[in-house]
Protein chains: 2
Amino acid sequence: MSIAENPGLRERKRLATRKAIQSAVLRLATEKGLEGVTVEEISRRADISPRTFFNYFVSKEAAIVGDGPELIESAELESFIQGGGGDIFDAVGDLMAEAADRASEDRDTLLLRRALHKQHPHLFALRMAGMRQFEDELTAVIARRLAHDDPSLARDQAALTSRARLITLVAIGTLRHAWSCWADEENGESLAKRVRDSFDQLDHLLVAAAAR
Amino acid sequence: MSIAENPGLRERKRLATRKAIQSAVLRLATEKGLEGVTVEEISRRADISPRTFFNYFVSKEAAIVGDGPELIESAELESFIQGGGGDIFDAVGDLMAEAADRASEDRDTLLLRRALHKQHPHLFALRMAGMRQFEDELTAVIARRLAHDDPSLARDQAALTSRARLITLVAIGTLRHAWSCWADEENGESLAKRVRDSFDQLDHLLVAAAAR
DNA sequence: CTGCAAGATTGCAGAGCATGCAATAATTGA
DNA sequence: TCAATTATTGCATGCTCTGCAATCTTGCAG
């Protein structure tokens, strides 16, 4: 118990099983197509019982799409909230690029998942569903920044929330754009870089639209 | 065969069955909760065999969320494509508000569906998935308008597509905002009106962001 | 009206998904 | 080493969804 006592044996094993399942389902789905894969076969490859599979994931699909992104540490959040002045979409874009970086797993997993997402749009929808919590957290953070930037807005709670939610959803749309570009590339940039690109394009769009 | 010979008896019956199923599933899910409803019970209420249910919908959930929106008639599309000059988001907002109007069914259905969406976020995700075709059509139309507005852009196919896709996804985000506001109201405006509101807010956001 | 072709409904069988429950096994901390 | 906690597993069960073949309905032409 000298090096790192954070992750005990139990925790490490759990993580390993989780990865094993995800790896198994991704490889199987790639080999035999999504519909041709059964939980039984996944379990055989991952060396667990079929029953155990459902202790980790509620469905085959959930094992494929993985977890949604998570918001960053509180210290950096504070700097986002207080870092007024600049374009808010730029700032949100940075937040998202960092989240994308943090969520990135090994490259093989990423590529397999990407290919499956491309073939099966409904998996993509599942991924969107898994982002709801992220969305809500993001909206809350953006609302705090808006209130900090413009205290007069903070008095009208409804307007504040509405605007924060709109910014969130536009940002999520931009994130989807980044995903879409990333998926279309043969085998290219990191997702984080693509995210920054898309937010840059959004910036150009805004300037053009407002200058009309 | 004097009034309208478009919909024969066959077609009318099919439509009626479809509505009966949707009505049955919405009422049952409202009464007993989404998880407490079986296909068998839905079929009993709709007076069809369970097997027939699956001839109409691929799943319980699909029967609840209904169909995605459809793009408008070609004549109005042409005017969108040629109607350069104005803010493109305004124009897209109009397109969407009209699509929302056209897709609206009877009020009861709408309200039940809304309540269920609120309780079960994953239904909402399914609805988003059902919009993929709409999204793709919208992107194609926007690309044509962009090319019409700025012929020099049309030479760089990749940039054109990328921009059209970004506009589409930002617009979809705004549509989601409209849904979200609409769902939060006790029992209010039409969805189409809400859509216009959200696109107005987007406009303000753009001006503010660009004027920073 | 009649008969035929196309299309819709149904029952049945079967594979797979997903969950609860209770027994068993592994990990933790004292 | 022991007791508490947590994870894994097998079993039973109910529901989802699909393919297939039989039957019935609708559309249409003669």
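This is a predicted model, so every value here is computed, not measured. By convention in this document, chain letters (A, B, ...) are assigned in the order of the sequence lines, proteins followed by strands, and residues within each chain are numbered from 1.
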Practice task
Using a heavy-atom cut-off of under 4.0 Å over every strand shown, decide if Thr52(B) touches base, sugar-phosphate, or nothing.
Solution key: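 Contact class for Thr52(B): base.
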Could you give the [atom1]-to-[atom2] distance, from [X] to [N], as a whole number of Å?
X	N	atom1	atom2	value
Phe57(A)	dT19(C)	CZ	P	14 Å
Asn55(A)	dA26(C)	CG	P	16 Å
Glu41(A)	dA15(C)	CD	C1'	14 Å
Phe54(A)	dG20(C)	CZ	C1'	13 Å

Problem - Heavy-atom closest contact (Ala29(A) atom, Ile64(A) atom, distance) - result: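 Reported closest heavy-atom pair: CB-CD1, 4.5 Å.
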Exercise for the section: Grab the two heavy atoms, one from Arg14(B) and one from Asn55(B), that are nearest each other, plus how far apart they are. Expected result: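 Between these two residues, the closest heavy atoms are NH2-O, 3.9 Å.
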Practice task
Using only heavy-atom distances, determine whether the side chains of Gln22(A) and Thr109(A) contain a donor-acceptor pair under 3.5 Å.
Solution key: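 Side-chain D/A pair, Gln22(A) to Thr109(A): absent.
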Exercise for the section: Could you say whether Pro50(A) or Arg10(A) is positioned toward the 5' end of DNA chain D, judged by the nucleotide with the nearest heavy atom to each? Expected result: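 Nearest-nucleotide comparison on DNA chain D picks Arg10(A).
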Problem - 5'-most by nearest nucleotide on DNA chain D - Glu61(B) or Leu9(B) - result: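 Its nearest nucleotide being more 5', the pick is Glu61(B).
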Problem - For chain A, the stretch of DNA chain D it reaches, first to last nucleotide, under 4.0 Å of its heavy atoms - result: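 Nucleotide range in contact with chain A: dT5(D) to dC11(D).
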Exercise for the section: Just compare dC21(C), dA6(C), dT27(C) and give me whichever is closest to any side-chain atom of Arg51(A). Expected result: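 Nucleotide nearest to Arg51(A)'s side chain: dC21(C).
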Handout entry: Among dT28(C), dT10(C), dT9(C), the one nearest Tyr56(B) by side-chain distance
Key =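 Nearest listed nucleotide: dT9(C).
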Exercise for the section: May I ask you to verify if any side-chain N or O of Lys13(A) is less than 4.0 angstrom from the OP1 or OP2 atom of dT27(C)? Expected result: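 Lys13(A) to dT27(C) OP1/OP2: side-chain N or O found under 4.0 Å.
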Practice task
Kindly determine whether Arg165(A) and Asp136(A) satisfy side-chain contact (heavy atoms from CB on, under 4.5 Å), including the steps that lead there.
Solution key: CA-CA 8 Å; Arg165(A) 184 132 190 87; Asp136(A) 290 344; 4.0 Å; yes
Exercise for the section: Assess Arg194(B) against Phe199(B): is NZ or CZ under 6.0 Å from the centre of the six-membered ring, and within 45 degrees of the ring's axis? Expected result: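 Cation-pi check for Arg194(B) and Phe199(B): fails.
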Exercise for the section: Could you check whether the rings of Phe53(A) and Phe57(A) sit parallel, tilted or perpendicular, using 30° and 60° as the cut-offs? Expected result: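 Geometry flag for Phe57(A) against Phe53(A): tilted rings.
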